[in-house]
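Please read these numbers as outputs of a predicted model, since none were measured by experiment.
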Number of protein chains: 2
Amino acid sequence: MSAQAILRNCGIQPTPQRIAVVNFVLNTTSHPSADDVLECVRKECPTISRATVYNTLNLLVEKRLLRTQVLREGTIVFDPNIELHHHFIDEESGKIYDISWDAVQITCGTSLRDFEIREMQVVMKGRRRKGK
Amino acid sequence: MSAQAILRNCGIQPTPQRIAVVNFVLNTTSHPSADDVLECVRKECPTISRATVYNTLNLLVEKRLLRTQVLREGTIVFDPNIELHHHFIDEESGKIYDISWDAVQITCGTSLRDFEIREMQVVMKGRRRKGK
DNA sequence: AGATTTGTCTTGACAATGTCTAAATCCATA
DNA sequence: TATGGATTTAGACATTGTCAAGACAAATCT
Ligand SMILES: [Mn+2]
Ligand SMILES: [Mn+2]
Ligand SMILES: [Zn+2]
Ligand SMILES: [Zn+2]
């Protein structure tokens, strides 16, 4: 679906700036920071401002097209994968990989009965195996 | 063990500032930010500077008496629990609770074979049940 | 068309977090 | 007590994120 259609679908006026942000951030698996988004979108749309990038990202989060994740020091990252899933962080490269929900089986014991869990994820760190 | 002994044990000169930081940060389960540490330590040691708090915390991390955790937006938190464990974040209060490693059973499927996992933790969010 | 309104964008100010440097201070030892 | 290395402090700086004011653009009305 086109960025324009996506934006109109949730009642956001499609502007060149917003279209550029959507085209990048809804089609990446790289878990970019706002600054990463700014950097990439400026190639398409050199005059876009930091505030517009933040405004658009926050709009997309509000409309549930995007989620924020607390996975990197110093900045939140944006994730177009809004299904339940886990994350693997490559400690060499810093790259963040999505891990499908089904790849891990989690069983909580009874000692957690005092916690009403509304969501959870596994955060793994290590090294992505090179080669095939 | 006294803060002085702990510091001397890992070759750090015990100073009043460092002792105050150690006394707070190695004896809390609250997962404080550097700023939280500064705020609390200033009660004991009113002239301590931000730089000294950061320096001491980073020293303690280097000496493995403390770990950093990426669990809150905008700041890292410090955790004196250096054993493997999980975390539960109360979305109402923002409080972070330690969950013992054994409280959760995790089984990774074969789809993770390309990832060399060096550590992992479950991050849960929800609400701590009130009452007993 | 010309004027008005509305929404969007940009700029720059601001606060918070974290690192770094230079200067002051402290302190263990001679 | 004098001295030199370690420690602390204050402030500068970079980065991240929010906000408000004004510039700008597009649609609406006369
Ligand atoms: Mn970047
Ligand atoms: Mn605080
Ligand atoms: Zn993801
Ligand atoms: Zn913990």
Side-chain angles (χ1 to χ4, degrees), chain A residues 3-4 6-8 10-25 31-42 44-63 66-79 94 96, chain B residues 3-4 6-8 10-25 30-63 66-79 94 96:
Chain A
Q4 278 183 45
I6 291 171
L7 286 166
R8 247 191 292 266
C10 43
I12 304 174
Q13 291 224 16
T15 66
Q17 290 88 343
R18 287 168 175 170
I19 289 169
V21 169
V22 164
N23 274 331
F24 173 62
V25 83
H31 300 82
S33 67
D35 189 70
D36 295 332
V37 175
L38 178 61
E39 217 174 301
C40 268
V41 165
R42 279 234 162 113
E44 293 271 323
C45 192
T47 69
I48 196 173
S49 70
R50 207 156 57 99
T52 296
V53 169
Y54 275 101
N55 285 341
T56 304
L57 291 171
N58 290 340
L59 259 181
L60 297 174
V61 169
E62 211 177 291
K63 299 298 187 179
L66 207 52
R67 281 210 43 179
T68 58
Q69 297 278 357
V70 177
L71 294 170
R72 294 217 317 231
E73 285 188 23
T75 181
I76 64 174
V77 301
F78 293 89
D79 191 346
I96 299 170
Chain B
Q4 276 182 49
I6 292 171
L7 286 166
R8 248 191 290 267
C10 40
I12 303 175
Q13 291 226 14
T15 66
Q17 291 88 342
R18 286 168 173 170
I19 289 168
V21 169
V22 164
N23 274 332
F24 173 62
V25 82
S30 71
H31 300 82
S33 67
D35 188 71
D36 295 332
V37 176
L38 178 61
E39 219 174 300
C40 269
V41 165
R42 278 231 162 116
K43 290 175 204 149
E44 293 270 324
C45 193
T47 69
I48 196 173
S49 69
R50 209 155 56 99
T52 295
V53 169
Y54 276 100
N55 286 341
T56 305
L57 291 172
N58 290 339
L59 258 182
L60 296 174
V61 169
E62 211 176 289
K63 299 297 187 182
L66 206 53
R67 281 211 41 181
T68 58
Q69 295 279 359
V70 177
L71 293 170
R72 293 216 317 231
E73 286 188 23
T75 181
I76 63 174
V77 301
F78 294 88
D79 192 346
I96 299 170

Is [X] close enough to [N] that one of its side-chain N or O atoms is under 4.0 Å from OP1 or OP2 there?
X: N55(A); N: dT10(C); answer: no
X: Y54(B); N: dG18(C); answer: yes
X: T52(A); N: dT10(C); answer: yes

Given [options], the nucleotide with the shortest approach to the side chain of [X]:
X: T75(B); options: dC9(C), dT9(D), dG18(C); answer: dG18(C)
X: T15(B); options: dT8(D), dA10(D), dT11(C); answer: dT8(D)
X: Q13(B); options: dT9(D), dG18(C), dT7(D); answer: dT7(D)

Inset, instruction - Name the residue closer to the 5' end of DNA chain C, choosing between P16(B) and I76(B) according to the nucleotide with the nearest heavy atom. - result: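 With P16(B) and I76(B) compared, the 5'-side residue is I76(B).
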Using whole Å, report how far [atom1] of [X] lies from [atom2] of [N].
X: E73(B); N: dG18(C); atom1: CD; atom2: C1'; value: 17 Å
X: I48(A); N: dC24(D); atom1: CD1; atom2: C1'; value: 15 Å
X: E39(A); N: dT16(D); atom1: CD; atom2: P; value: 10 Å
X: L59(A); N: dC19(D); atom1: CG; atom2: P; value: 13 Å
X: R72(A); N: dG18(C); atom1: CZ; atom2: P; value: 15 Å
X: L57(B); N: dT19(C); atom1: CG; atom2: P; value: 10 Å
X: I19(B); N: dC27(C); atom1: CD1; atom2: C1'; value: 14 Å
X: Q17(A); N: dC24(D); atom1: CD; atom2: C1'; value: 11 Å

Legend entry - Qualifying residue, where the test is side-chain contact (heavy atoms from CB on, under 4.5 Å) with V25(B) and the options are D79(B), T56(B), V53(B), L60(B):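 Running side-chain contact (heavy atoms from CB on, under 4.5 Å) over D79(B), T56(B), V53(B), L60(B) with V25(B) returns exactly one hit, L60(B).
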Legend entry - Closest-nucleotide ordering on DNA chain D, the 5'-leading residue of T56(B) and A34(A):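 Nearer the 5' end of the strand: T56(B).
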Legend entry - Side-chain (R18(A)) to main-chain (Q13(A)) donor-acceptor, under 3.5 angstrom: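 Pair found, side chain donor or acceptor close to backbone of Q13(A).
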Inset, instruction - Give a yes or no on whether the backbone of A20(A) and the side-chain of N23(A) come within a donor-acceptor separation of less than 3.5 Å. - result: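 Flag not set: sc N23(A) to bb A20(A) has no pair under 3.5 Å.
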Inset, instruction - Report which part of the nucleic acid R50(B) touches: base, sugar-phosphate, or nothing (heavy-atom distance under 4.0 Å, all strands). - result: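 The residue R50(B) makes base contact.
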Inset, instruction - With heavy atoms under 4.0 Å as the rule, sort T47(A) into base, sugar-phosphate or nothing. - result: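 Sugar-phosphate only.
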Inset, instruction - Determine, stepwise, if the pair I19(A) / E44(A) fulfils side-chain contact (heavy atoms from CB on, under 4.5 Å). - result: CA-CA 10 Å; I19(A) 289 169; E44(A) 293 271 323; over 6 Å; no
Inset, instruction - Could you tell me whether the side chains of D36(B) and S33(B) share a donor-acceptor contact shorter than 3.5 Å? - result: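 The answer is yes; a qualifying pair exists.
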